[in-house]
Amino acid sequence: NAGVTQTPKFQVLKTGQSMTLQCAQDMNHNSMYWYRQDPGMGLRLIYYSASEGTTDKGEVPNGYNVSRLNKREFSLRLESAAPSQTSVYFCASSPTTGWASYEQYFGPGTRLTVT
Amino acid sequence: AQSVTQLGSHVSVSEGALVLLRCNYSSSVPPYLFWYVQYPNQGLQLLLKYTSAATLVKGINGFEAEFKKSETSFHLTKPSAHMSDAAEYFCAVSVLYSGGGADGLTFGKGTHLIIQP
């Protein structure tokens, strides 16, 4: 049981390049999330997926797109990377949707630098 | 709307001393509250959560937190700090997203705990 896995662990991009961050979970969770973490800002939600086939914008969605490929996988795409997207990206999953007390389970993160 | 405020971006304590990390929340509904810990270059790990079953919640690694509705607080404590407790700590509250009826978490900005030998 690997939990939440993310690839790659590190990435350096030039401004304007594109890339996809991959996330997978093996806990049969319905909900999945993408966050970015910046110093002094905590975690900010980029996009989330309440269930397979649905995605919605979070607090900071500009410059990103997502795909919920199936129940296990939720990818984050940067179409044209900008230096402001230099950050650490975390994927998380949670068992259910609706108002609940379920915690989120986090992956190890992807450290992205855009030059 | 739900939100959390963590008081103090950095807290320094001596090894063996009491750890107190402060979190205040704002919620229009009875909240579910969480504390997460992040060790350097790792993801977030759940320390404990409050789900209304008991106001004093015990978590992993000797941490506990007390829910105080009158003070809208959920402060994290540990009686005796250990060097291995040095990490970033995040308080979070459940939030119902307006977009799709899903729930999630909104996080505080974090408190960096420093342990002095």
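Convention: sequence-line order gives letters A, B, ...; per-chain numbering from 1.
Contact check on B:Lys78 versus B:Asp85 returns a salt bridge, with a Lys/Arg side-chain nitrogen under 4.0 Å from an Asp/Glu carboxylate oxygen.
Using a 4.5 Å cut-off between heavy atoms, A:Arg44 makes no contact with chain B at all. With a 4.5 Å cut-off on non-hydrogen atoms, B:Gln45 does not touch chain A at all. Within the 4.5 angstrom heavy-atom criterion, only side-chain atoms of A:Gln37, from C-beta onward, approach chain B. Proximity to chain A (any heavy atom under 4.5 Å) is restricted, for B:Leu46, to the side chain, taken from C-beta onward.
If you check the side chains of B:Tyr50 and B:Tyr25, you find no donor sitting under 3.5 Å from an acceptor.
In this pair, A:Phe90 and A:Phe106 present their aromatic rings perpendicular. The plane angle is above 60°, beyond the 30 to 60° band.
For A:Tyr48 and A:Phe74, the ring centers are positioned 6.0 Å apart or more.
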